[in-house]
Chemist: 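Take this structure, written in structure tokens, and hold onto it; I'll ask about it next.
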Amino acid sequence: MGRKVDRFVIVGGGRVGTAVGYLLQQAGEEVVAIACRSEESLAKVRKYLPDAYLTTDAVKAARRGNAILITTPDDLIADVCLTLSSAGALKKDSYMVHMSGALGLDVLDAAREAGARTASIHPLQTFADVKGAVKKIPGSVFAVTVQDDRTRDWAEGLVRKLGGEPVPLAEEDKVLYHLGAVVASNLLVALEHAAELVYQEIGFLGERALKALLPLIEGTVENLRRLGTQRALTGPVARGDIGVLRRHLEVLEEEGREQLMGVYVSLSRYALDLAEEGLSRSRAEEIAELLERYCRK
Ligand SMILES: NC(=O)c1ccc[n+]([C@@H]2O[C@H](COP(=O)([O-])OP(=O)(O)OC[C@H]3O[C@@H](n4cnc5c(N)ncnc54)[C@H](OP(=O)(O)O)[C@@H]3O)[C@@H](O)[C@H]2O)c1
């Protein structure tokens with residue numbers, strides 16, 4: 001109790017940092033300073049936060065506040081935290097937060113040793129630009145990892161100010177949490193790229209390939225939303241169409257398709273796990289054997 005009002009400082013005015021600063025300000029919070037490495041980036045931040053103190057000196061920025069959010073690229077968080085802590089820029093009882101999904105709280109150890117409370121809040125979303133982040137942060141699930149319960153209340157409150165939904169995440173589960181997010185988002189993009197290349201090979205020129213696939217991708221996401229993974233699965237594995245699977249696998253045996261073969265077989269095995277309930281036992285076994293054969297090739 002008796003805690004003073006939070007004065008937020010954002011170190012790293014990129015996509016996430018700028019959007020978070022803007023949303024906090026919209027929520028009536030004091031965003032006192034933003035730091036970037038370059039003047040160019042500061043000029044972009046100015047459009048969203050014209051009244052904040054903007055600087056390329058992170059230490060000067062940090063001295064102005066008591067709730068510091070480091071939103072630099074992940075690889076720089078520990079260094080930035082160390083710089084701010086060793087420069088004596090952190091006030092007693094201040095908060096030090098990062099927003100990486102992959103990193104634990106250890107990257108903020110220097111701040112904790114300097115008396116700050118540490119947390120990470122990670123929005124389970126992908127942001128290509130500030131505008132998109134401003135739109136998508138509210139309503140996102142945020143994984144909240146904290147050093148102690150008192151910090152939890154504050155960090156969850158911060159997430160709510162951003163319009164997010166806080167979900168507690170134990171520090172030791174962070175790697176798996178991030179791995180799940182990478183599979184759901186980044187690897188899905190890689191998979192769509194593989195489909196795009198196949199379509200380009202059969203004459204869908206340039207971006208027409210992805211354009212043709214997008215309604216299918218969106219339909220799939222919609223099915224996932226409505227039905228969940230098990231019922232959203234359609235296609236040859238779900239139907240037990242082993243003849244179609246054989247034809248796919250034969251085409252994938254052609255030279256230059258080795259990588260796609262690996263992906264196709266592995267994911268078809270996951271699909272089989274999902275589909276098994278709807279298939280006869282003998283058909284499921286037949287498909288499993290077929291995939292196993294190609295897996296070993
Ligand atoms: N983008 C996403 O989809 C997403 C989603 C969830 C979580 N996150 C997390 O959010 C954090 C930020 O990601 P982002 O996508 O917003 O990165 P970003 O757009 O690349 O922005 C990083 C910012 O950090 C600044 N910066 C770098 N070193 C600095 C330093 N020493 N002092 C002050 N500023 C510095 C950069 O300034 P300059 O431009 O001047 O170099 C840039 O403005 C990361 O931890 C990331 O994991 C991102």
Side-chain angles (χ1 to χ4, degrees), residues 8-24 31-49 52-65 68-87 89-90 96-108 110-111 118-145 155 158-159 162-167 169 174-175 177-189:
F8 288 96
V9 172
I10 315 269
V11 179
R15 286 165 282 211
V16 171
T18 306
V20 164
Y22 176 77
L23 288 166
L24 283 173
V31 180
V32 291
I34 320 270
C36 288
R37 253 182 323 205
S38 63
E39 290 293 344
E40 289 89 329
S41 296
L42 286 177
K44 289 185 199 153
V45 175
R46 192 164 287 118
K47 290 186 198 144
Y48 286 87
L49 291 147
Y53 171 69
L54 304 179
T55 175
T56 53
D57 185 332
V59 172
K60 271 193 190 161
R63 286 192 201 283
R64 294 188 170 224
I68 297 159
L69 274 57
I70 303 183
T71 48
T72 61
D74 287 7
D75 284 350
L76 303 179
I77 294 173
D79 275 356
V80 167
C81 180
L82 183 62
T83 303
L84 302 183
S85 311
S86 48
L90 308 186
M96 178 68 89
V97 180
H98 76 67
M99 297 189 59
S100 160
L103 302 178
L105 293 182
D106 52 332
V107 292
L108 302 180
T118 59
S120 83
I121 59 165
H122 176 256
L124 194 50
Q125 246 310 351
T126 168
F127 311 114
D129 54 25
V130 176
K131 200 170 158 198
V134 166
K135 201 167 155 208
K136 289 196 283 184
I137 285 176
S140 291
V141 163
F142 276 69
V144 176
T145 306
L158 170 60
V159 169
L162 293 169
E165 183 193 333
V167 173
L169 178 70
K174 270 213 102 165
V175 175
Y177 161 82
H178 192 245
L179 184 151
V182 168
V183 171
S185 172
N186 313 140
L187 298 190
L188 180 63
V189 174

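All residue numbers refer to positions in the sequence shown, counting from 1. Order of listing sets the numbers, starting from 1, for every ligand and every atom in it. Model, not experiment: these values are computed from the prediction.
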Chemist: What atoms in ligand 1 come closer than 4.0 Å to a heavy atom of C36?
Modeler: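 Listed by number with element, the hits are 33 (C), 34 (N), 37 (O), 40 (O), 43 (O).
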Chemist: For atom 31 (N) of ligand 1, which protein heavy atom lies nearest, and how many Å away is it?
Modeler: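 Atom 31 (N) of ligand 1 sits closest to the protein heavy atom V80 CG2, 3.7 Å.
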Chemist: Non-hydrogen atoms of H98 versus ligand 1: any pair closer than 4.0 Å?
Modeler: no
Chemist: Between the main-chain N or O of G164 and the side-chain N or O of S140, is there a donor-acceptor pair closer than 3.5 Å?
Modeler: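 No; judged by distance alone, with no hydrogens or angles, the pair does not exist.
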Chemist: For atom 35 (C) of ligand 1, grab the closest protein heavy atom and report residue, atom and distance to one decimal in Å.
Modeler: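 Its nearest protein heavy-atom neighbour is T72 CG2, 3.6 Å.
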Chemist: Is any side-chain heavy atom of L108 closer than 4.5 Å to one of I77?
Modeler: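 Result yes, sub-4.5 Å side-chain heavy-atom pair found.
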Chemist: Where the side chain of T118 meets the backbone of M96, is there a donor-acceptor pair that is under 3.5 Å apart?
Modeler: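 Answer holds: no.
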Chemist: Under 4.5 Å between any side-chain heavy atoms of V59 and L84, yes or no?
Modeler: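 Yes, at least one pair of side-chain atoms sits under 4.5 Å.
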Chemist: Heavy-atom distance under 4.5 Å between the side chains of H98 and L103, does that happen here?
Modeler: yes
Chemist: Are the side chains of S120 and L105 in touch, meaning some heavy atoms are under 4.5 Å apart?
Modeler: yes
Chemist: Please report which non-hydrogen protein atom sits nearest to atom 45 (O) of ligand 1, along with the residue it belongs to and the distance in Å to one decimal place.
Modeler: D74 OD1, 2.6 Å
Chemist: Is ligand 1 under 4.0 Å from a heavy atom in the side chain of L76, in the backbone, in both, or in neither?
Modeler: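 The answer is the side chain.
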Chemist: What protein heavy atom lies closest to atom 21 (O) of ligand 1? Include the residue and the distance to one decimal.
Modeler: G14 CA, 3.3 Å
Chemist: Using a 4.0 Å heavy-atom cut-off, say whether E40 meets ligand 1 through its side chain, its backbone, both or neither.
Modeler: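 Neither; nothing of E40 gets under 4.0 Å from ligand 1.
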Chemist: Any sub-3.5 Å donor-acceptor pair from T145's side-chain atoms to L169's backbone N or O?
Modeler: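 Yes, T145 side chain to L169 backbone: donor-acceptor pair under 3.5 Å.
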Chemist: Between T72 and D79, is any pair of side-chain heavy atoms under 4.5 Å apart?
Modeler: no
Chemist: Counting C-beta onward and ignoring hydrogens, is there a side-chain heavy-atom pair between L158 and L24 closer than 4.5 Å?
Modeler: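 Yes - at least one pair of side-chain heavy atoms lies under 4.5 Å apart.
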Chemist: Considering only heavy atoms of P73, which atoms of ligand 1 have at least one such atom less than 4.0 Å away?
Modeler: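 Going through ligand 1 atom by atom, the ones under 4.0 Å from P73 are 22 (C), 24 (O), 27 (C).
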Chemist: Of the protein's non-hydrogen atoms, which lies at the shortest distance from atom 12 (C) of ligand 1, and what is that distance?
Modeler: T71 O, 3.3 Å
Chemist: Please state which part of S41 comes within less than 4.0 Å of ligand 1, counting heavy atoms only: side chain, backbone, both or neither.
Modeler: side chain
Chemist: So, do K44 and V130 sit near enough that their side-chain heavy atoms are less than 4.5 Å apart?
Modeler: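 No, side chains not in contact.
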Chemist: Within the 4.0 Å heavy-atom shell around S100, which atoms of ligand 1 are there?
Modeler: 45 (O), 47 (O)
Chemist: Can you list the atoms of ligand 1 that are under 4.0 Å from a heavy atom of F127?
Modeler: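 Taking each heavy atom of F127 in turn, ligand 1 has 1 (N), 2 (C), 3 (O), 4 (C), 5 (C) under 4.0 Å.
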Chemist: Under 4.0 Å from a heavy atom of G12: which atoms of ligand 1 are those, numbered in the order shown and with their elements?
Modeler: 23 (C), 24 (O), 25 (C), 34 (N)
Chemist: Taking the side chain as C-beta and beyond, is there a heavy-atom pair between P138 and L23 under 4.5 Å?
Modeler: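 Yes, their side chains come closer than 4.5 Å.
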Chemist: Would you mind checking which non-hydrogen protein atom is closest to atom 15 (O) of ligand 1, with the distance to 0.1 Å?
Modeler: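 It is R15 NE, 3.2 Å.
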Chemist: Name the closest protein heavy atom to atom 7 (C) of ligand 1, giving the residue it belongs to and the distance to 0.1 Å.
Modeler: M99 O, 3.3 Å
Chemist: Counting only nitrogen or oxygen atoms and a 3.5 angstrom limit, does R37 reach ligand 1?
Modeler: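 Right, the criterion is met.
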Chemist: What's the shortest distance from atom 13 (O) of ligand 1 to any protein heavy atom, and which residue and atom give it?
Modeler: V16 CG2, 4.2 Å
Chemist: Short question: side chain of K174, backbone of S100 - any donor-acceptor pair under 3.5 Å?
Modeler: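 Checked: pair present.
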Chemist: Taking only heavy atoms of H122, which atoms of ligand 1 are found under 4.0 Å from at least one of them?
Modeler: 6 (C), 7 (C)
